[in-house]
Structures are given as C-alpha cells and as structure tokens.
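These notes concern the structure reproduced below.
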Amino acid sequence: MEITGEFIAFFILSVLAICGAVFMIFFTNVVHMGVSMAFTFLSIAGIYFLLNADFLAVIQIMVYTGAISILMLFGIMMTRHKETEEKLNRPIHYWLSIAGAGVLLVSLVLLSRGATFVSDSVDTKGYGIAKIGELFFGTYMIPFELASILLLVALIGSIIMAKKEGQE
Amino acid sequence: MNKVFAQIEWSLLTPETTIIAGIVLLLLMDLLLPASISRRWFGLIGLASVLGSLAFVISQLPLKPAEILFGTYRLDPMSLVFKLLFLTSTALILLVAMDRKKADKTDRYIAEEYILMLSALLGAMFLASSVDVITLFIGLELLSISSYILVGMRKHERLATEAAWKYVIYGGVSSAFFLYGYSFLYGLSGTTNLFALGQRLAEVVQSTQSDLFIVAGLCLMLVGFAFKISLAPFHMWSPDVYQGASSPVASFLAVVSKAAGILFLIRFLLIAMYPLLRSEVWGENMMWVLAILAAVSMIVGNTVALRQQNVKRILAYSGIAQAGYLFIIFPSLQSNLIFVSVSFYLVVYMLMTIGAFAIVHVVSKDTGNDGLTSFDGLYRRSPALAMAMTLFLFSLAGIPLTAGFIGKVSLSINAFASSHLWLLLSTLFVTTVISYYYYFRIVQRMFVGKATSDQKVSVSIFPALAILLVVLGTIGFGIMPDILLSKLETVKWGYGLIPLEGIQQLKN
Amino acid sequence: MLIASYLALAAILFVIGLIGVLTKRNAVIVLFSLELMLNAANINFVTFSKMGLVPNLNGQVFALFNVVVAAAEAAVGLAILFAIYRNRETIDAEKLNLLKG
Amino acid sequence: MMFTWAWVYPLFPLIAFVLLIALRDVMKKKLAVIVSLIGIGVSFGFAVYLTWMGIFQQSVIQTTKYQWFSIAGKPLYLDFMLEPLNIVMIFLVSLVSLLVQIYSMGYMKGDARITTFYAYLSLFTSSMLGLVISANLLQIYFFWELVGLCSFLLVGFWYFKPEAKEAAKKAFIITRIGDIGLLIAIFMIFQKVGSFDLRVIQHAVDSGVLTGGALTTVAILIFVGAVGKSGQFPLHTWLPDAMEGPTPVSALIHAATMVAAGVYLVGNLFFLFEGSEVALTTVAYIGGFTALFAATIAVTQNDIKRVLAYSTVSQLGFMMLGMGVGSVYASSFHLLMHGFFKALLFLAAGAVIVALHHEQDIRKMGGLWKQSKWLSIPFLIGCLSISGIPPFSGFFSKDEILYAIQLSGKKDLLAIGLLTTFFTAFYMFRLFYLVFAKKSRGDQKVHSISRSMKVSLAVLAVFSIVGGFFSFPTTSANAETITQITKLQGHAPLWLIGSAVGASLLGILLATFLYVWRQGSADGLAKRLSWLYQVSYRKYWIDELYQMMFVSSLKAVAWFLNGFDRFVVGGIVRFVGWGTMSIGRLGSMMQNGQIQTYVLVSLIAFLILFVSLAFGRLIG
C-alpha cells in the first residue's frame, strides 16, 4: 500500500479515536472516561477534515467536543455518586454483551472489507459550505425547518425535566 | 431560486402549519398569562388546532397528489389517510388528557404537555407526507424526542423518569442502528429520495450481482422500525414505558407512534425495496423475516401478558400482539389489498386502544393505582364504564360483533387470499385463544370482584365524550364495517408508492 | 486511501459504543456511548459522501441533521437523568429497574 | 304470502338479553323473568307459524340477504336459509328454550343472580337461533363462537364453586381446539372458492372447483369443529364436566341444542362430506366408537347428571354415525327426538336433585316412584324413549339410523349400533331403578316440585311420546336446497326392528334382574318358593357374568378411558397451559427491568437475523 500523507493522518486519527473509545471502556474513573470520549470526538472531527467535510468537522468540534462533552462532564459532576465506575454485577450479561458485540464487529468489518465496488476517489471541489447552504435552504428546507422545531422541543423538554422543583 | 419557491404550492402545508400555530399560541399564552391563572383549559387550544388541522386535511379532498421539493414533502392518498388517523387519535387522546387530578404536581407544565403532544403529532404528520429519508427520519425523531419527554413529564414519580430513561436509551440505540444501516444504502445510491433509492439499488444489484450491503443495511434498519412498531423481540421497552407514562401518553405511543412506524416501514419496503422484493430469493427471505417477527410478537405478547398484574402492562403486551396480528399480512407484500386491511385494522386498533387506556386513566385517577385490583368490582361502581371497558377488551380479543373481529377477519382473509402462510395463521388463531384468558380476567374482575369502595368513579365531560365516541366506533364498525371498508377500498393506495410523474401518466 | 479503512473505523467505534451502552453502570456514560454510536454512523455517511458509488453532498447534509438529532437526544437524556437523580439520588443503570416483569 | 325476515328469530331473545343486562340492577326479578319469557315466547310463536307454513303447508320460503361488508373486493352477505332442516332446528331450539326458561322459574327460585341467568339464557337462545338460520360460513362461525361463549358463562355460572370454574375453563379450551379446525376449514374454503356463501360453495363442489384432497381436508377439518362442539371422541371430556352448571343449562345447552350443533353442522354442510369417501368413513367410525364407548362408561357412573351426560355423548355419536353412513334424514330425525327426550330426562333429573336436597349420587337415592309420580312418570317416558321401545319417539329415529347403517352395508357399524342400543337401555334402566325403585335410601323428606317445572316436564313428555309419529320433513327432489334430505328407500326389515327392540329389552331385562330382583332375593331366601331357589342359583352365575362382563371389563374400560381423559386429554390441556405459561415466564424473566438487557436481547435478535441472512456470503 502506498503511504501517503492522507494515510498517515488517517492512521494517527483513527488510532486516537479508537484509543479514546477503548479507554472509555476500561477506565474506572468516570471523569477520565468523559475526557477520553472527548478525544474520540475530536479525532472524528479530524477524520471529517480528511473526508473533505470541513463544515461538518467544525460543527463536530463545536457540538460534540465542545457542547456535548462539557454537558456530559457537567452531568457526571452533578449526579456523581461515586467517583469510580464499578463492574457490572451480572457476569452473564457482561460476557454475552462482549460476545454479541464481538460477532457484530466481525460481521461489520467483514462487510466493510467487501466494499470494493465503491469508487475510490472523487472530485470534491464542489463540497463547499455554500453548496451545503444551498441544499439546506433548497432541497432540504422542510426537514431543516422541522429540525428547528425538534431543537425547540428538546429545549423545552430539557428545561422541564432538569428544572429543580419548588423554586417558585 | 426565489422563483422556484414562488412556484411551490406552500398551501399544501396548511394542516401542519395549523399545528405549528397551535404550538406557538400555547407557548405565548403560557408566557404571557400570569401564573395565577389556571391553565387547565389549554387543552382546548390544542384540540382546536388539531380539529382545525383535521378540517384542512379534509378540505384537501378530493385529493390532487402533489410534491414539494423532490418529495421532501408529498401529498398522496396514503399520507392523507394516515394523517386523518393521527389527527383523530390525537384529538381523542387530548380529550382524555384534559381530565386531570385536582392539584396535580405537573400542573405547572400543562402548556408544555400539550405543546409536546402537538409537536409529536407534527413529527408523525411530516413522516406521513414524505418520501425523502431525511424528512422521514427527522419527523420520526421529532415524534420520538417529544415522546421521551412526555413519558418523563411526571418527573416527581420514579416510574415515569425511569420509563423515560429506558425509552431514550432504547430509542437512541435503535436510531443509531437505523442510521448506520441507512448509511450503506446511501453509499450505494447517493440519494435520500425513496424512489431514486429503489431505482438505484435495483441497478446496483444488477450491475454488481451483490446485494450484501443492502441486506446488511436493511437488517440494521429493521431494528429501528421494529422498535417503533414494538415488534418482538424489539418490544421490550414498551411495557415498561407504557406503565411509567400517563395513560393518555401511553395510548399516544401505542397508536400514533406505532402507526407512524408502520407507515414508514410500508413506504420504505414498498418503494425503496420493491424492485428487490420482486426478485424470488429476496422476496422469500424478507417474507420469512417479517413472518417470524410477526409470529414471535404474537406469541410473546400474548403469553407474557398472562403474567401481568398491571393493566397498562397488559395493554402494552396486547399491543405487541396486535402488531403481530397486523404483520401476518405483510409477508404478502405483493397484494394491493393489504392496505385496506391494514388501515382498517389500524383504525379499529386506534379505537379500542384509546378507549381502553382512557378507562384505565379514569379508573386509576380514581383509585390511585393502575394495578388489576383497581378494576375490582368496577361494574358495581360505574356500570357504564365497566361495559365500555368490556367492549374494548372484547374488541381487542376479536370477539364477534365488535370492530376487532371484523379487523381480524379482514386481515386473515387477505393473508389467505394471497399467500400460503398457514403457520402464521395458526399462530394467530392459537394466540388469540390464549389472549382471551387475560382479557377475560380483567372483565371478570370488573363484574365479579369486590370493590374497595361504593363510590361512583367520577368521569368529567371530555373523557366521557371521548369514550362515547370510541364506543360508537367500536360497535358501529363491528356491525356495519362497510361504512369504513368501502371508503378505504376506494382510496388509491397505489399512488402512495409511485413517483408523481407516474401518477400523472396513470391519470392520462 | 481505501474506503474500507474508514468503514472499519466506523464499525469499530459503533461496536465500542454499543459495548459502552451495554455494560456501563454510570448512566451518563451510557448516554455518552450512545453518542459514539451515532457518530460512527455519521462517519459512514461522510465517507460515502466522498467515496460512495454516487458521491455527493447529501451524505454530509444527512450527517449534519444527525448531529442536530444526537445533540437534542443527549440534552433530553441528560435532563431525564437529572430528574432521576433528584428522585433517587443515584444514576446507577443497574438500579434503574423498578419497572419489570 | 310468507314473510321473509329470518332475522326475527334471534332478534327477540336478543332484545330480552339487552334489556336484562342493561337494567339488571333496577329490574325486579319477576319482571326480568317475564321479559325473558316474552322474548323467547315471541320467537317460539314465529317458529310455530314457520313450521306450519314451511312443513305442513310445504310452501317455499324465500329469504333475503343483506350486504354486510366487502373484503378484497368480494361482498360478504348476511344470509339466511329456511330449509326444512333449519325450520326443524328453529322449532326445537325455541321450544326447548321456552320450556327450560319456564322450568328455571322454579329451579332457580331464590338465586340472587336470576336476572343474569335469564339474560345469559336469552343470549344463548338468540345466538343458537342465529346459528341455525345462517347460510354463510363466517356468520355460522360468528354464532358458533357466541354459543360457545354462552356455554362458558353458564357452565361457570356458579363461579364460586371451584369445580364449576374448572369445568368452564376446560369446556372453553377443548372446544376451542375444535374451533381452530373449523376456522381453518372456513378460510381454506374461502381461499379455494372465494366465498363464504353456502350456496356458492355448494355450486363449487358440484362444478368440481373444490374436489379431491382439498375437499377431504376441508370436510375433516369441519368435522374436527363438530367433534369439539358435539363432544365426540377424543374431545368429549369437557361435556361430562360441564354438568357443574345449573341443570336447566345442562338440559338446554349440553343436551338438546348446542352440543347438537356439531351434528347440525355436518348435516348442513353434508354436500362437502358427500364428495369424500374418506371424510364420511371418518365421521362414521368416530361417531360409532364414541357411541359405544360413552355408553359403556355411562354404565359405571354414579352421578345422575354424569350418566345423562355420557348418554348424550353416546347419542351424539350415534347421530354422527348416521351422518357417516350417509343419511342426513335419519340423523336429523334422531337429533330432533333426542332433543325432546334428553331435555325431558335432564329436567326430570334436575327435579329429582331438587327433591332430594341436591343429592346427585344415585347410590344414595331410591324409592322415589311412590313418593312422586310427577317425577317418575316423565322419567320413565324418557327412559323408554331413549331405549327405543315402541311406540316412544326414540324408537322411530333410532330405527332409521340402524336401517341407514344396514343400507350402507357396514356390518361392523351395525353391530356397534345394536350393542350401543343394548347398553343404552341397560344404563338408563339401571339409573331408573336406582333412583325410583325400592325403598328410599336417604331418610329426608322429599321436596315438592313447583308448577312451572311440572308444565315443562309434561310438555316434553308429550313430545317424547308422540314425536315419532311425525315424520321428519324432507326436501323435494327438484328444489334448490343446500341440504338435501331424502327419506331412506323402503322400510327397515322386520329382523332389524326386532333385533333393535330385542337388544333394548335385553338391556332392560338385565337391569331389572340386577337391580330389582337380585337385591330383594338376598334376605328372605328361605321363605321363597322353589323357583326362587332356582333364580338364586342362576343368580350365582349371572353374578359371575355380571362381574366379568360389566364390573371388571367395564371398570377396565372406564379405567382406561379415565386414564385417557386424565393423561392424554388432560395432558394436552395441561401441556398447552404449561407451555403457554412457561413461554410467558421466560418472557417476563427477560423483562428484568434493565434497559441494558433489553438492548442485549435486541442485539442478539438482530445478530441472528443478520447472520442467517448474510453471514454465509460475508465469509465466502
């Protein structure tokens, strides 16, 4: 395989992403878990850059690495009961989960391996933010508006659920 | 670009905009009215906007199929029927939901509750009128996220929050499976339009002789569909969530959410997958998958229901079984007739489920719990309620003279007429017999059990109206099903499954 | 650069996310893992948007929509967890099992 | 001018039911009974009119049909038929219902839920009448289920008795096994023919659309439904247990009408059976076997109602046997006569039970002959009738069936028929003697029976005596009817009549010998005349014979069949229950409240799906 800059970048980013995710699984300190997950999200943003999805990468950093990670850390802080995560008390469940996930992984990787018929490179000059904007306010205008209602609903819902009672 | 927008017939969207207007109005009222004013009548605003929307939908008749922006919004007979179904059920559920406890702890979120119900409805309506996966997905998520919160609204109750949590996680996982699966199909087709998708997939299969990615994608997506429809073994969230949610919300999930999932599945399979389903191997495989899901649902739903002590859980399991009944017809996807049966059964299912949950709501409000015991001796206390509940349960069980019987007959007939799935039908018959047991158990408790108090169960005017309407429907469609069936038979279902140009060609 | 590598990366992240959902006891981490699964799906979309059989921007647009949905889901999920924490002082996934049977 | 509204028959009892159920808290009990009686009375009035017009005047009765709904583009009609078989059934059902309701005024007096009881009875009558006028399979099924439901409600009417509850459950489950067969048959027919309409189906059979293996399968599946409802072997076990219900219910539902519905169904759909030799043979042999073995069991029973219940099973088997050898005429005739005398026997037995303070064990009864002529004479009439002694009604109809068997040429079945006749006479007179002969074995004073009960007994007794003199209506050869009922050619030969009556007399004689003479002879042996010594000497070997033939062998049969009931049929019932419950238990065990388990279950299900569909190709 020819070693290109893209390959090296992909290699580093994916190792980072996978490590972050794996550490999340194996860490015992809950805060560490959150931080390692943030790393994964950041690496995914890098992957998006590699795939010429600049706008999405920026959004990924802002929403995931920024907002959601911080939100989750807040969540961990505010609901912290114990600092460390304990192991599951259900060994059968645990091992079945690992086995099931293993089978899934094997089949998905085998599946990806078979993706040879997919064209390998494409002209991505047109993948600019302007084009995305056109799509959003053209073809996908209706789902776009719908998404705004979705966010409104999420906002209202979060407020209801998270609000402390008895303040008034 | 501006010209394009000017040409689009935005007036098609009036039913949806009416709902949005209702949401905005509720938000503003809640904001502007002083806290001291009771918000209990807000339900009327919600109801008004639903009824307004219903009127607009009806005013779109006689229907001219139309599309906006490449099918991201589309109006065809299928979407119209399902919208009518969603709107009617929401209207009935709103009537029930207006009956609230005195000084309920959730009273301060009364406006939000109606807003969320309307927004969930809005999601379902957009889902009903689209053939674009993005709109379908966003509509589905709007429905889901609104429902998550609706379930957890009574946040001072442990059961409610726990139910909401389970719903979010299960819903999230199935969304992830759905998206992951669809990503493969996108990779093959590069489109989000269902018609283009179907065409492209058929070409791909022909040119590469491989359908591995399609199978993988479809299997992954099925998790998402089966979750929404609560088909076993992807049903496990539903009993817990129904129990934790308030009864009106549970009936909303059981009816609107389920019907939306079914519509999505129908459109997806019959538009995007249809070219493949017609091929022998593919069709056969898919037939078996759906048949197994249906059989497992019937068996699991009906047997586990036997062990339940909580009425809402019983109804949840019964809903799982009902989804299974509905699916006996799907293995024979070729037939156009299935739509008549499916839509008729959905209407019937809507009536009896909303009715049953409405009574659970009224009774549990009175007794303070929704266990089986709360129904003890209901006949002595409120004969009318007990009779209505008996009717709904009989209808769910498929006893003659109720709409449920006709629904089951019409499903079985079409399943017979177009396929040879004896196994599925035998399962239907056998599990129906099993189901008698737990339905009768409730009936027995109502008529024979000893009531803990002699007081009448108080029912306020709105839920009484809803129950009355539902009773009339259940009996009416049971005795004179032709009122509805003949209407449904004239609907041009096929228009919902072909591109707009195709429809215009057909018309000329 | 092979498309298979990207797809494999997505698959690995998806499965790790799933393991997190299945085995973590802290509910916040469960929610976090769920986000990871959604992200994995997004990687697929973006990959196909560049290297699919019919590459176009629709994949990226879909991914953007997914980000919106995922964020909304995360917010709502976390808010629900707060409510649970207020109710019973714990968000241990193993203890959230009042509803069963 | 003949009125064509067939639906009036079920209508009035239905109205009565609705009124009774709706107003059962406000209505006085007396009024409720009157309302119910009026409902069935009106229907009976119409039935008499119909019988007069349709049978005695032989006018052709037109019926109209109404479109109900359409499925798959095919209209479904509410369709009625008023052919001779239907008219007779309407007459039988409405008459027995009316009499049972009159009887219940006395029998159920003082029961707190008498209004409910009458409501259920009305609903039953209504649905039974609906059943016998339906000309559409789906409609038949509809009412078929409804009568089953009423039976369930009425068997379990005294739900506070655990046995009643169990019996209701058993009846429900076992008849449902048959119903599934019937339902599958109905849908198979629809698939092949495209209609539920009996006329269309008949046409399809005639024109060869439905033929061969499919026809056999359909016919046998329909027979499975009839087996469940009519208590044929091996689904008979629910019927004796159903005797836990109130006795009027046993008389109406489990003797005269509902259990005969299976026979009626076979008769009504006889055109399906006609085309298939296999199906007919199955019907004949199952019927014959049931007739014989139920009769032998009846010999060993000690509960008065259970004897009658087994007798019902046996007689229904006899009717099936008649159907199986191809004579709708003979079987329907016997069905009608059986309806009269079995209802009479049950109502009399109910009166006995009331008179003896709810004692049902015949070993503790006796001597009622002298105490109450009102009980003993109707009971005797019933016994003579069922035994087939001329000129009582049973003689005529039984004779026709035996003649039909003889015509079919099946010697083995004829032997079974005669043997059944013998056993029938024997167990009926055993019952009669134990209850009525000799001295009273209990020492309580006998209750007097009320007037309403006497009326019903008297009417049924009259019908049991004279019923046989009216011949069963037949269809004219050129009429377009669904059920062709034609008289048997010629008359039964004298030897057949002679051997049938002889078998009965032998049975009666044996019973007399064993239960009347033998007992008396034991104490005062020395004082008797010498021929009594002879008798007592003979008694010795008759005792041996009795011991060998009846006590031992029948006990063995009974033991075997009891085992069959308990282990095989009961086993099936239990297994169905157990299997269902364990799937339920497993399902609810997995539902352990952990969302992670739920996700895991879904994951595994998904993997099974995915791997089975695609994994092979993934590796390859």
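Not measured: the values here are computed from a predicted model. To find a chain, count down the sequence lines: A is the first, B the second, and so on, and within it residues start at 1.
No part of B:Arg307 comes within reach of chain C, as not one of its non-hydrogen atoms sits under 4.5 angstrom from that chain. With a 4.5 Å cut-off on non-hydrogen atoms, C:Ile43 does not touch chain B at all. Proximity to chain B is limited to the side chain of C:Phe14, based on heavy atoms less than 4.5 angstrom apart. With a 4.5 angstrom heavy-atom cutoff, B:Gln308 touches chain C only via side-chain atoms. Of the two parts of B:Phe177, the backbone and the side chain both hold a non-hydrogen atom closer than 4.5 Å to a non-hydrogen atom of chain C. Looking at C:Ala11, the atoms closer than 4.5 Å to chain B (heavy atoms on both sides) sit in the backbone and in the side chain alike. Of the two parts of B:Leu179, the backbone and the side chain both hold a non-hydrogen atom closer than 4.5 Å to a non-hydrogen atom of chain C. Contacts between C:Leu96 and chain B at a heavy-atom distance below 4.5 Å involve backbone atoms as well as side-chain atoms. The contact between B:Phe137 and chain C is made entirely by side chain atoms (from C-beta outward), counting heavy-atom distances below 4.5 Å. Proximity to chain C involves both the backbone and the side chain of B:Ala163, based on heavy atoms less than 4.5 angstrom apart. Only the side chain of B:Tyr317 comes within less than 4.5 Å of a heavy atom in chain C; its backbone stays farther off. Both the backbone and the side chain of C:Ala10 come within less than 4.5 Å of a heavy atom in chain B. Using a 4.5 Å cut-off between heavy atoms, B:Glu157 touches chain C through its backbone atoms (N, CA, C, O) alone. Using a 4.5 Å cut-off between heavy atoms, C:Val21 touches chain B through its side chain atoms alone.
The structure places CD1 of C:Ile80 at 9.0 Å from OH of B:Tyr148, a figure rounded to the nearest 0.5 Å. Considering OH of B:Tyr180 and CZ of C:Phe45, their distance stands at 11.0 Å, rounded to 0.5 Å. Interatomic distance, C:Leu7 CG to B:Ser183 OG, rounded to the nearest 0.5 Å: 8.0 Å.
Between the side chain of B:Lys166 and the backbone N or O of C:Leu99 there is at least one donor-acceptor pair closer than 3.5 Å.
A donor and an acceptor atom, one from each side chain of C:Asn87 and B:Thr161, are located under 3.5 Å apart. Side chain to side chain, B:Tyr182 and C:Asn44 fail the donor-acceptor criterion of an N or O pair below 3.5 Å.
In terms of non-hydrogen atom pairs under 4.5 Å with chain C, the most contact-rich of B:Asn310, B:Ile134, B:Ile169, B:Ile149 is B:Ile134. Counting heavy-atom pairs closer than 4.5 Å to chain B, the top-ranked of the candidates C:Val76, C:Asn42, C:Asn66 is C:Asn66. Counting heavy-atom pairs closer than 4.5 Å to chain B, the top-ranked of the candidates C:Glu35, C:Lys100, C:Met37 is C:Lys100. No other option in C:Ala27, C:Ser33, C:Ala74 has as many heavy-atom pairs under 4.5 Å with chain B as C:Ala27. Among C:Ala40, C:Ala83, C:Gly59, C:Gly77, the residue making the largest number of heavy-atom pairs under 4.5 Å with chain B is C:Gly59.
Nearest heavy-atom pair across B:Leu188 and C:Val54 is O-CG2, 4.1 Å. Taking all atoms of both residues into account, the shortest heavy-atom contact from C:Ala72 to B:Ile145 is CB-CD1, 3.7 Å. Pairing each heavy atom of C:Arg88 with each of B:Arg158, the nearest pair is NH2-O, 3.4 Å. The minimum heavy-atom distance linking C:Glu73 with B:Ser175 is given by the pair OE2-OG, 4.2 Å. Across every non-hydrogen atom of B:Ala176 and C:Ala41, the tightest pair is O-CB, 4.4 Å.
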Please assess C:Val68 against B:Ile138 for the test side chain to side chain contact (heavy atoms under 4.5 Å, CB included), listing each intermediate value before the final yes or no.
CA-CA 10 Å; C:Val68 173; B:Ile138 301 289; over 6 Å; no

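Between B:Tyr186 and C:Phe62, the distance separating the two ring centers is not shorter than 6.0 angstrom.
The shortest side-chain heavy-atom distance between B:Val168 and C:Leu31 falls under the 4.5 Å cut-off. Residues B:Trp165 and C:Val30 form a side-chain contact, since some pair of their non-hydrogen atoms from C-beta on lies under 4.5 Å apart.
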